[in-house]
Amino acid sequence: GCSSLETVIFADGNVIDTITSWMFGNCYSLKNITLPDTVTTIESSAFQMCRSLETINIPAWCASIDFRAAFYGCYSLTSINIDPENETFVVEDGIVMNKAKTEILACLPQKTGSYTIPENVTIADGAFQNTNLDEIVLPTSLKKIPNYWFSGISADTQITIPEGVETIGEYAFAYGEMTTINIPASVSSIGKYAFQNCKNLQTVNIAGGNVRLAIGSNAFENCEALDNVVIPARVRLTATASSGNFAVGAYAFKRCYSL
């Protein structure tokens, strides 16, 4: 990889429509890049692990971006400048949304303070991964925490999962730095790898109730500090009669050495 590359300048008249996967991946020193106006697509992992990248422009014609993976590991990213003529994306106060503002696509890693997610909006997978926000207030209308949503979240970020959430998606909090998590009584499914590699996680409180809860395979794998898990009766510990699906999946607490 071009680990020492700091600046990319496209020559005048350069026609390029796609920033392909890994085109600038692992360019650890890249700080500055101005994309040509002809770019329409930014693919998965295009800028992955460009950890020095501070700002990037999104041209007017760019209509397809894999936000979850394209900028994964761009921890220094402070601004995404979207052309006002772009009809697909808009950014407001560090939050990237679709033009209609009905879906949250990404939160800039360097955004701080408190953010309240509006009611009845859609949240894309990985929208708040690696966030440094002090607090995220989830809407009461929220039914599912999407896949990868809070992966890599800072220990300083306060999140309360509200009553009414039914599903915690795969890798939703993976690699997060939280020490405690409270699962409300409304949750019926914790996805595979949901809390994998949460090295600081010590306590998991799962509320009781009548809603059956399934815990996916590897859900708490490698949570090495985990020493207190409250599992209520609503969690089945044996396979169902016909399907053979375990309510506590295989390796759910693998390498939880403190249990």
Check: [Y] and [X] side chains under 4.5 Å, non-hydrogen atoms:
X      : Y      : value
Glu92  : Lys101 : yes
Thr41  : Thr20  : no
Val187 : Val211 : no
Ile183 : Asn205 : no
Cys62  : Thr40  : no
Thr7   : Ile33  : no

Minimum heavy-atom separation for [X] to [Y], with atom names?
X      : Y      : answer
Gly73  : Asn130 : N-OD1, 4.5 Å
Ala172 : Pro146 : CB-O, 3.7 Å
Val230 : Ile206 : O-CB, 3.3 Å
Asp134 : Thr112 : OD2-C, 4.3 Å
Ala70  : Ile65  : CB-CG2, 4.5 Å
Leu105 : Asn98  : CD1-N, 3.8 Å

**Request:** Check the pair Ile56, Asn81 against side-chain contact (heavy atoms from CB on, under 4.5 Å), reporting the backbone distance first and the verdict last.
**Result:** CA-CA 6 Å; Ile56 191 167; Asn81 299 316; over 6 Å; no

Kindly check if the number of other-residue, nucleotide or ligand heavy atoms within 6.0 Å of [atom1] ([X]) is above 12?
X      : atom1 : answer
Asn14  : CG    : yes
Phe24  : CZ    : yes
Phe253 : CZ    : yes
Trp61  : CH2   : no
Asn86  : CG    : yes
Glu119 : CD    : yes

Spacing of [X] atom [atom1] and [Y] atom [atom2] [to the nearest 0.5 Å]:
X      : Y      : atom1 : atom2 : value
Ser154 : Glu177 : OG    : CD    : 5.5 Å
Met178 : Ile159 : CE    : CD1   : 6.5 Å
Leu201 : Asn222 : CG    : CG    : 12.0 Å
Ile123 : Leu142 : CD1   : CG    : 5.5 Å
Leu30  : Ser3   : CG    : OG    : 11.5 Å
Ile42  : Met23  : CD1   : CE    : 10.5 Å

Any donor-acceptor pair under 3.5 Å linking the side chain of [X] with the backbone of [Y]?
X      : Y      : answer
Thr160 : Pro162 : no
Asn228 : Gln202 : no
Glu103 : Thr122 : no
Lys111 : Ile95  : no
Arg234 : Ala207 : yes
Ser29  : Leu5   : no
Ser52  : Tyr28  : yes
Ser188 : Glu166 : yes
Arg68  : Asp125 : no

**Asked** When the ring planes of Phe195 and Phe173 are compared, do they come out parallel, tilted or perpendicular, using 30° and 60° as the limits?
**Response** parallel

Just checking, is any N or O donor in the side chain of [X] or [Y] under 3.5 Å from an acceptor N or O on the other one?
X      : Y      : answer
Ser79  : Thr55  : yes
Asn197 : Tyr175 : yes
Ser114 : Glu135 : yes

Under 4.5 Å between side-chain heavy atoms, counting indirect links through other Ile/Leu/Val/Met/Phe/Trp/Tyr residues: same cluster for [X] and [Y] or not?
X      : Y      : value
Ile104 : Leu138 : yes
Val235 : Leu259 : yes
Leu213 : Val204 : yes
Ile82  : Ile19  : yes
Ile161 : Tyr148 : no

**Asked** Does the side-chain contact (heavy atoms from CB on, under 4.5 Å) test come out yes or no for Thr38 and Asp17, once each step is laid out?
**Response** CA-CA 5 Å; Thr38 53; Asp17 60 6; 5.6 Å; no

**Intermediate values then yes/no, side-chain contact (heavy atoms from CB on, under 4.5 Å), Thr18 and Val39** = CA-CA 6 Å; Thr18 301; Val39 170; over 6 Å; no

**Prompt:** Could you walk me through whether Thr167 and Ile190 pass the side-chain contact (heavy atoms from CB on, under 4.5 Å) check?
**Reply:** CA-CA 6 Å; Thr167 302; Ile190 297 175; over 6 Å; no

**Prompt:** Going by an N to O cut-off under 4.0 Å, is there a salt bridge joining Glu224 and Lys199?
**Reply:** yes

**Asked** Of Glu170, Lys254, Glu221, which meets side chain to side chain donor-acceptor pair (under 3.5 Å) against Gln196?
**Response** Glu221

**Request:** Report yes if the distance between the aromatic ring centroids of Phe67 and Phe89 is under 6.0 Å, otherwise no.
**Result:**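 They qualify: ring centres under 6.0 Å apart.
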
**Cation-pi, Tyr75 ring and Arg51 (6.0 angstrom, 45 degrees)** =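 Cation-pi check for Arg51 and Tyr75: fails.
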
